[in-house]
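Written out below as structure tokens is the structure these notes cover.
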Amino acid sequence: MTHSANGSNTSERVVIFDTTLRDGEQSPGASMTLEEKLEVADLLDQLGVDIIEAGFPIASPGDFESVAEVARRVKNASVAGLARASDKDIDRCAEALREAKRPRIHTFISTSPVHMKYKLQMEPERVLELVASSVTRARNHVAEVEWSAEDGTRTEIDFLCRCVETAIKAGASTINIPDTVGYTTPQEYEALFRTVRERVPNADKAIFSVHCHDDLGLAVANSLAGVRGGARQVECTINGLGERAGNAAMEEVVMALKTRPDILPYHTNIDAKLLTRASKLVSAVTSFPVQYNKAIVGRNAFAHESGIHQDGMLKNAHTYEIMTPESVGVSKTSLVMGKHSGRHAFREKLKELGYDLGENQLNDAFNRFKDLADRKKFVYDEDLIALVDDEIVTAHDHIKVLALMVMAGTQGPQSAALTLDIDGDKVTHQATGNGPVDAIFNAIKALAPHEATTLELYQVHAVTEGTDAQAEVSVRLSEDGKSVTGRGADPDTLVASARAYVSALNKLIVKRGRARPEAMQAV
Ligand code: KIV
Ligand code: ZN
């Protein structure tokens with residue numbers, strides 16, 4: 001397919017496969033609830049993502065349910081589910097995708113010597129048989145089948161070519177060669193795609209795909225190199241979320257292609273103006289903060305501090321700016337509204353920020369906005385985003401913070417009187433602690449006991465500048481080796497702390513319930 005990008009440039013289309021909900025969610029502490037996954041899926045669809053990998057249906061009832069629900073509501077993108085090379089995995093995946101408009105089964109098996117010997121404990125010939133049988137089985141369920149050679153970049157080239165040929169022959173239309181352990185380099189990865197495409201006789205019958213991890217900080221560079229080597233699908237995640245050091249960041253891949261069509265003559269279907277919004281949403285629902293100096297979506301990505309740079313920018317923005325903040329959806333910080341703003345203006349402002357809330361959520365968010373506007377002199381876009389994200393994240397919670405009173409200061413012990421709503425019951429407890437935050441967390445533990453849980457992280461940051469800024473608190477809890485992160489925002493740091501802890505606890509309850517439905521009630 002050709003496309004006329006900057007006048008005379010002819011560029012080829014690169015398909016974007018987003019795996020924020022699968023590889024991204026596998027990142028420790030990044031788990032999302034069903035509602036959060038649906039929010040993200042809706043935005044990915046709006047963004048123009050071609051394929052949304054929604055999860056790994058065999059992994060748990062929760063994963064199955066979320067893949068099925070994403071499949072049901074996504075309007076434009078293909079929806080993919082992951083499956084190992086086993087009949088059970090593939091059948092379960094097909095079942096989860098039943099209502100998708102364009103279902104894709106993504107099946108994989110390890111092909112490197114180290115994975116085959118130690119992880120699979122299989123001979124290469126057996127792996128090859130499974131490549132054929134798994135793709136054939138998947139093709140009997142759906143038209144779109146993607147096959148991945150796990151640890152592809154450490155796979156012996158002759159064997160990789162045999163596997164790729166077999167997968168295409170069995171009906172795979174996409175061949176993914178992942179850099180599972182983030183080991184390759186740009187030159188090597190580009191050459192790998194050239195070699196495989198040259199040597200595999202039926203290579204022209206499939207689209208080749210890159211899937212890179214960032215262990216050496218090369219995931220985006222490697223992905224772009226793979227495209228130069230002939231790949232036309234890029235697997236990536238919002239904010240580079242993913243296993244260990246993460247996956248290639250979608251915003252970086254997309255903007256590299258947009259900014260350098262002279263050396264990268266490829267285009268995507270992504271509406272770049274929604275990238276900032278997507279970054280904020282994924283950060284909010286996972287509670288993973290975005291590094292300040294992160295390319296494209298970090299808060300300093302378009303900030304010019306030094307006098308020389310500011311002077312150049314004032315004379316001509318091209319001196320130090322290779323893309324505009326507006327092109328990725330960064331709006332100038334603006335004073336949004338005051339306490340006299342009405343519901344209509346509030347709804348319009350949210351639309352401008354990319355939110356489309358239902359009536360109930362809009363009412364709750366509006367009430368919180370009124371409360372915030374009473375307490376805070378200036379309400380900025382960032383304040384609204386923090387408030388609405390908090391509202392979205394907590395809308396379906398079993399436990400909610402109703403009231404908090406704290407005694408703090410030099411004369412200990414500090415104490416907290418906390419009222420929670422637990423599944424509709426209003427309960428209150430007063431606890432002491434080594435500091436106000438400890439007292440609040442002790443009160444929560446007394447009201448909603450959860451013994452095996454460990455507090456792994458407590459982090460505070462200010463949403464905007466000024467001493468009346470909202471605090472955004474992240475709390476990570478772990479149970480049985482699984483971690484979840486909760487987030488709370490409020491101008492009062494202690495209220496935000498209580499909300500963040502309760503939000504993490506809500507995620508743990510959902511996680512327990514999804515893993516073992518009978519445990520849904522247990523707190
Ligand atoms: O990194 C990897 O190899 C994967 C595969 C399952 C595609 O995520
Ligand atoms: Zn991966």
Side-chain angles (χ1 to χ4, degrees), residues 15-28 30-31 50-60 63 67 78-86 89-90 92-93 96 104-116 118-120 127 130-131 134-135 138 144-155 159-160 163-164 167 172-184 188-189 192-193 196 206-220 222-223 226 231 233-250 253 282 286:
V15 166
I16 295 292
F17 175 115
D18 179 275
T19 183
T20 306
L21 297 176
R22 199 277 297 169
D23 222 337
E25 214 231 357
Q26 272 172 229
S27 183
S31 66
D50 298 279
I51 302 109
I52 298 173
E53 187 165 50
F56 192 2
I58 195 92
S60 69
D63 263 62
V67 174
S78 294
V79 176
L82 187 68
R84 288 166 299 188
S86 86
D89 272 47
I90 291 166
R92 187 88 174 129
C93 187
R104 175 181 291 203
I105 296 181
H106 175 194
T107 181
F108 72 101
I109 191 163
S110 292
T111 51
S112 67
V114 63
H115 275 221
M116 290 192 292
Y118 296 105
K119 189 180 114 171
L120 299 177
V127 169
L130 287 173
V131 172
S134 58
V135 174
E144 263 183 57
V145 174
E146 170 169 340
W147 177 76
S148 284
E150 192 184 3
D151 206 16
T153 51
R154 293 193 300 169
T155 297
F159 184 62
L160 182 62
C163 289
V164 169
S173 49
T174 302
I175 298 293
N176 182 35
I177 307 182
D179 184 29
T180 304
V181 290
Y183 176 72
T184 199
E188 184 182 66
Y189 204 44
L192 177 65
F193 280 93
V196 174
I207 291 186
F208 281 78
S209 169
V210 295
H211 176 114
C212 297
H213 282 268
D214 208 28
D215 300 67
L216 293 173
L218 292 171
V220 171
N222 288 336
S223 301
Q233 174 175 291
V234 175
E235 303 200 354
C236 48
T237 59
I238 299 291
N239 295 339
L241 195 68
E243 285 273 15
R244 307 182 308 280
N247 290 57
M250 186 206 292
V253 170
V282 169
T286 57

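None of these values were measured; they are calculated from a predicted model. Atoms within a ligand are numbered from 1 in the order they appear, just like the ligands themselves.
Partners of Asp50 under the salt bridge (Lys or Arg N to Asp or Glu O under 4.0 Å) rule, at least two apart in sequence or in another chain, are Arg13. The ring-ring contact (aromatic ring centres under 6.0 Å, His included) test applied to Phe56 returns no partner, not counting sequence neighbours.
In the model, Thr155 has a side-chain atom that pairs as donor or acceptor with a side-chain atom of Thr111 under 3.5 Å.
Distance check: Ile52 CD1 to Arg104 CZ gives 12.0 Å after rounding to the nearest 0.5 Å. Note that CZ of Arg22 is 7.5 Å distant from CG of Asn247, once rounded to the nearest 0.5 Å. The OG1 atom of Thr286 lies 5.5 Å from the CG atom of Leu241; values are rounded to the nearest 0.5 Å. Distance check: Leu82 CG to Ile58 CD1 gives 11.0 Å after rounding to the nearest 0.5 Å.
Near-neighbour remark for the Zn ion (ligand 2): protein N, O or S atoms under 2.8 Å are Asp23 OD2, His211 NE2, His213 NE2; waters not counted.
Between Thr153 and Thr184, the shortest heavy-atom contact is CG2-CB, 3.9 Å.
Under the 30°/60° scheme for interplanar angles, the aromatic rings of His213 and His211 are found to be tilted.
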Could you go through ligand 1 and note, for every N or O atom, any protein N or O atom closer than 3.5 angstrom, writing the atom names and distance to 0.1 Å, or 'none'?
{"unit_1": "ligand 1", "atom_1": "1 (O)", "unit_2": "His211", "atom_2": "NE2", "d": "3.1"}
{"unit_1": "ligand 1", "atom_1": "1 (O)", "unit_2": "His213", "atom_2": "NE2", "d": "3.1"}
{"unit_1": "ligand 1", "atom_1": "3 (O)", "unit_2": "Thr180", "atom_2": "OG1", "d": "2.6"}
{"unit_1": "ligand 1", "atom_1": "8 (O)", "unit_2": "Arg22", "atom_2": "NH1", "d": "3.4"}
{"unit_1": "ligand 1", "atom_1": "8 (O)", "unit_2": "Arg22", "atom_2": "NH2", "d": "2.9"}
{"unit_1": "ligand 1", "atom_1": "8 (O)", "unit_2": "Asp23", "atom_2": "OD2", "d": "3.1"}
{"unit_1": "ligand 1", "atom_1": "8 (O)", "unit_2": "His211", "atom_2": "NE2", "d": "3.2"}

